[in-house]
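In what follows, every heavy atom counts, from backbone to side chain, and hydrogens, waters and symmetry copies are set aside. Residue numbering restarts at 1 for every chain, and letters A, B, ... go by the order of the sequence lines.
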Amino acid sequence: MTTLDFDLTTVPGGNGTLRIVVRGELDLASSERLEAALLAAGEHSILVDLRGLTFMDSTGVRTLLQATEDASREGRELRFVVPTDGDARLTLTETGIEALLPIADDAEPGG
Amino acid sequence: MTQRFIAHFLSSLETPTLARRQLDRWLPASIAEHDRGALRLLVSELVTNCVRHAASDVDRGVELALRVDRSTIRVEVHDGGTGFEPPVAPRPRGADGGYGLFLVERMASRWGVDTRAGTRVWFELDIAGAQG
């Protein structure tokens with residue numbers, strides 16, 4: 001039995017881009033799954049859609065920042081679509097990390 | 001009237017999730033959603049710290065205590081660890097972490113650490129009319 005509410009799907013996008021869609025709660029129990037999905041994406045360009053997150057704490061924040069550092073160092077394209085309201089929005093606002101993340105400006109619908 | 005709650009959890013990767021669920025069940029319906037969001041986040045941070053520091057001792061538990069007064073909510077998270085001295089002014093250190101106590105410092109009305117018996121980290125959040 002688990003109380004964890006988290007779901008992750010990786011779907012092919014256009015132009016060889018992989019789209020990783022996460023929903024639910026990004027915390028100590030779920031961050032490793034996002035890390036694994038990012039690793040599995042290998043050399044692909046990645047778009048991570050975070051709009052379905054209902055919660056994120058600093059463990060999730062750390063995962064996003066680490067992914068950004070890794071992609072930058074390895075010359076891979078990585079962008080995030082961020083939530084506009086709710087608990088995950090609160091965390092982005094209070095940490096101020098949005099300025100450190102590559103934000104997608106052409107978010108596709110759905111998620 | 002003051003309401004007090006306390007719960008114990010085994011230390012695991014899901015403890016922060018479980019602690020947030022427990023908090024949601026305890027909080028009176030009168031607490032505004034913005035305050036609930038802040039409390040969920042800060043509880044998750046303190047419990048995560050507990051689990052990370054207790055990683056080498058599987059038998060160690062995490063105690064979560066909540067006190068709801070008319071104008072203040074106090075949260076205490078306690079482990080059986082030997083304690084750590086937090087930085088006076090926590091600053092985030094990018095992907096290396098450091099955002100947990102940074103958030104507590106930023107969002108809580110006041111907070112502190114008591115290391116006399118294990119590590120007990122507490123914070124208080126001032127609210128408007130918790131019990132109407």
Side-chain angles (χ1 to χ4, degrees), chain A residues 1-7 22-36 38-39 48 50 53-74 78 80 83-102, chain B residues 7 9-25 27 31-55 62 75 77 86 90-108 121 123 125:
Chain A
M1 188 197 84
T2 177
T3 60
L4 182 64
D5 175 25
F6 183 76
D7 184 53
V22 293
R23 52 158 296 281
E25 301 165 286
L26 188 59
D27 68 356
L28 190 63
S30 54
S31 285
E32 281 183 10
R33 286 178 58 190
L34 177 55
E35 289 167 19
L38 288 163
L39 203 61
V48 184
L50 304 169
L53 287 183
T54 56
F55 178 84
M56 178 173 67
D57 63 18
S58 71
T59 303
V61 163
R62 188 152 72 166
T63 299
L64 304 187
L65 291 175
Q66 187 65 56
T68 301
E69 281 187 15
D70 291 348
S72 173
R73 188 178 58 247
E74 294 160 13
L78 170 70
F80 296 96
T84 55
D85 56 16
D87 279 7
R89 175 74 254 169
L90 176 69
T91 304
L92 288 171
T93 301
E94 294 291 338
T95 54
I97 63 156
E98 234 172 322
L100 306 175
L101 300 177
Chain B
F9 306 92
L10 292 176
S11 189
S12 82
L13 293 180
E14 291 203 355
T15 312
T17 315
L18 294 168
R20 296 197 303 272
R21 298 282 187 280
Q22 186 67 67
L23 175 77
D24 275 332
R25 287 193 291 268
L27 286 177
I31 306 287
E33 180 51 34
H34 179 267
D35 289 330
R36 302 178 88 89
L39 289 163
R40 271 194 294 271
L41 178 55
L42 298 188
V43 163
S44 201
E45 298 301 343
L46 295 192
V47 172
T48 298
N49 272 357
C50 244
V51 172
R52 285 189 192 280
H53 285 89
V62 178
V75 171
V77 174
R91 303 183 70 83
R93 301 185 301 274
D96 293 335
Y99 279 97
L101 288 178
F102 170 81
L103 287 169
V104 176
E105 167 82 11
R106 178 179 170 84
M107 299 172 71
V121 185
F123 73 84
L125 185 69

* Asked: Who among B:Glu33, B:Arg36, B:Met107 has the most heavy-atom pairs with chain A under 4.5 Å?
  -> B:Met107
* **Sole candidate of B:Thr48, B:Thr15, B:Thr17 that passes side chain to side chain donor-acceptor pair (under 3.5 Å) when paired with A:Asp27** => B:Thr17
* Asked: If you measure from OG1 on A:Thr68 to CZ on A:Phe80, what distance do you get to the nearest 0.5 Å?
  -> 4.0 Å
* Structure fact -> Cut-off 4.5 Å, heavy atoms of chain A, and the answer for B:Arg21 is side chain
* **A:Ser31: which of A:Val61, A:Leu64, A:Asp57, A:Leu26 passes side-chain contact (heavy atoms from CB on, under 4.5 Å)** => A:Leu26
* Find the distance between CG (B:Leu27) and CD (B:Gln22) and round it off to the nearest 0.5 Å. => 10.0 Å
* To do: Could you look at B:Leu103 and say if it's the side chain, the backbone, both or neither that has a heavy atom under 4.5 Å from chain A?
  => side chain
* Structure fact -> Pair count under 4.5 Å, heavy atoms only, with chain B: among A:Gly96, A:Ala29, A:Ser58, highest is A:Ser58
